Structure formats: structure tokens, C-alpha cells
Amino acid sequence: MTKAVYPGSFDPVTNGHLEIIRKAAALFDHVVVLVAVNAAKNCTFSAKERVQMLRDCTADMPNVTVDSSDGLVAHYAGQADARAIVKGLRAMSDFDAEFQQALVNRRLNPHVETVFIPAGSDSMFLSSGVVKQVCALHGDISAFVPPQALPQIIARLKAKS
């Protein structure tokens, strides 16, 4: 069985994230969506909330599971017996940073390859930051986030603004 890990902060989950998850699920036997916890980041949602939102949004994908970790992704991938780390790319600017991280991950765990999946034209502009900004300015984010997570995202982001 070929397993992949798709890490990210997912703060909050977007339709762009789900697009990459679906594409990865079609390529690999099993995909672990990994909420990467970084104590230095000031996240809007707790790791537990992000994991639950992702579980709700991927419930119809039988070969996808969701987990969280505050350690190195390369180490997690090794412990999970994953063969690949999936990274979504929206633009060339993403590639520079992700390629550098792929080289670090290869050095940390030479048994795991990074696989880049480009975003589709409908979501290449989309990021969690865009969702937060649009919502804070009272814009409609329903086209940007999965319907399963929309009420929770709106409630939290409007409470913050």
C-alpha cells in the first residue's frame, strides 16, 4: 500500500486544500492529512478544531485519514510508513519555498519523496489568509471553504473581527 502525508496548517481548511486532498487520494492508496502544529504560529483554530473540520470535510473519502503532529513532517512520514509527502502548489512563488523544504525533508528522511500537485485554476488564488481577510471584511466566503466547515469558520472569524 502506498501511503502519502499531506501536511499543512489548514487554518482554516479551504476548497483548495480539499482539491489537493482529492487529487492525492486518487494517486495514493492512503492519504494522511496532517495538521502540522507550530507553536510559533498564532492560529485562529486549535489543532483539535482543525482536525475535526478536516475529518468532517473528508468523511466521504474512504482512503483519507486526519491526524496532527507538532514534530517534523519527515519524521512523521517515516513513523507512518509513508512513501510521499504531498505539497500543493498555487504559483511559482510557492515552488521556491516548497522545493527548499523538500530538500530538507529528503535529508531528514531519504525514504520519502515530495510530490507536488498543482492547484487548479479555480483555486490557485485561494489561501487560508484570503479566507480570513475576506470574512473579516464581511465578504462572502461560501465559495472558498467547504460547506461542512462554513458555519464554524464564519462564527470564529466574525467573532475575531
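Remember, it's a predicted structure, so these values are computed and weren't measured experimentally.
- Cluster annotation: Phe144 and Met53 are assigned to the same hydrophobic cluster (Ile/Leu/Val/Met/Phe/Trp/Tyr, side-chain heavy-atom contacts under 4.5 Å, transitive).
- Side chain of Arg50 to backbone of Val13: no donor-acceptor contact under 3.5 angstrom is found.
- Heavy-atom minimum distance, Ala143 versus Asn15: O-ND2, 3.0 Å.
- A distance of 4.5 Å separates OG1 in Thr14 from CG in Leu126, rounded to the nearest 0.5 Å.
- A distance of 9.5 Å separates CG in Asp140 from SG in Cys135, rounded to the nearest 0.5 Å.
- Following chains of ILVMFWY side-chain contacts shorter than 4.5 Å, one can reach Met61 starting from Val35, so the two form part of one hydrophobic cluster.
- Atom CZ of Phe116 sits in a crowded spot, with more than 12 heavy atoms from other residues, nucleotides or ligands closer than 6.0 Å.
- In this structure, Pro118 and Lys23 approach most closely via the heavy-atom pair O-NZ, 3.0 Å.
- You'll find the side chain of Phe99 reaches within 4.5 Å of the side chain of Leu103, heavy atoms only.
- A continuous path of Ile, Leu, Val, Met, Phe, Trp and Tyr side chains, each step under 4.5 Å between heavy atoms, connects Ile20 with Val145, placing both in one hydrophobic cluster.
- Atoms SG and NE2, from Cys57 and His17 in turn, are 11.0 Å apart once rounded to the nearest 0.5 Å.
- Judged by distance alone, the side chain of Arg106 and the main-chain N or O of Val112 form no donor-acceptor pair under 3.5 Å.
- Lys3 places a side-chain heavy atom less than 4.5 Å from the side chain of Val32.
- Aromatic pair Phe28/Tyr6: ring centres not closer than 6.0 Å.
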Audit row: Lys132, Asp11, salt bridge (Lys or Arg N to Asp or Glu O under 4.0 Å) steps and yes/no: CA-CA 9 Å; Lys132 290 176 187 178; Asp11 187 48; 2.9 Å; yes
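- Listed here is the closest heavy atom pair of His111 and Arg83: O-NH1, 2.8 Å.
- Among all heavy-atom pairs drawn from Ala82 and Val5, the shortest one is CB-CG2, 3.7 Å.
- Checked by atom type and distance alone, the side chain of Gln152 never pairs as donor or acceptor with a backbone atom of Ala149 at under 3.5 Å.
- By the 6.0 Å contact criterion, CG on Asn42 is open, its count of non-hydrogen atoms from other residues, nucleotides or ligands being 12 or less.
- Of the possible polar contacts, one joining the Ser127 side chain to the Val130 backbone as a donor-acceptor pair under 3.5 Å is found.
- Linking ILVMFWY residues whenever their side-chain heavy atoms come closer than 4.5 Å, directly or via other members, places Ile141 and Phe125 in the same cluster.
- At least one side-chain heavy atom of Ile21 sits under 4.5 Å from a side-chain heavy atom of Thr58.
- Classification of Asp94 and Lys87 as a salt-bridged pair fails, no side-chain N sitting under 4.0 Å from a carboxylate O.
- The closest side-chain heavy-atom distance from Val33 to Val64 is below 4.5 Å.
- The two residues Ala102 and Thr114 have their closest heavy-atom pair at CB-OG1, 3.5 Å.
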Worked check of side-chain hydrogen bond (donor to acceptor under 3.5 Å, both in side chains) between Asp56 and Gln52: CA-CA 6 Å; Asp56 293 344; Gln52 190 56 55; 2.9 Å; yes
CA sep, side-chain torsions, deciding dist, call: Val115, Ile85, side-chain contact (heavy atoms from CB on, under 4.5 Å): CA-CA 6 Å; Val115 175; Ile85 296 171; over 6 Å; no
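- The environment of CG in Asn63 is crowded: more than 12 heavy-atom neighbours from other residues, nucleotides or ligands sit within 6.0 Å.
- Between Lys48 and Val51, the closest side-chain pair of non-hydrogen atoms is not below 4.5 Å.
- The main-chain N or O of Gly120 is found under 3.5 Å from a side-chain atom of Glu19 such that the two form a donor-acceptor pair.
- Minimum interatomic distance between Asn109 and Ala77 (heavy atoms only, all atoms of both residues): ND2-C, 4.4 Å.
- Taking the side chain as every heavy atom from C-beta outward, Ile153 and Pro12 approach each other to under 4.5 Å.
- With a 4.5 Å cut-off on side-chain heavy atoms, Ile117 and Leu89 do not count as touching.
- For the atom pair CD (Glu98) and CG (Asn105), the distance works out to 9.5 Å, reported to the nearest 0.5 Å.
- No side-chain heavy atom of Val86 sits under 4.5 Å from any side-chain heavy atom of Val31.
- Phe10 and Val131 fall within the same hydrophobic cluster, defined by Ile, Leu, Val, Met, Phe, Trp and Tyr side-chain heavy atoms under 4.5 Å apart, directly or through other members.
- Rounding to the nearest 0.5 Å places CZ of Phe45 at 11.5 Å from OG of Ser9.
- Rounding to the nearest 0.5 Å places CG of Asn38 at 11.5 Å from OG of Ser69.
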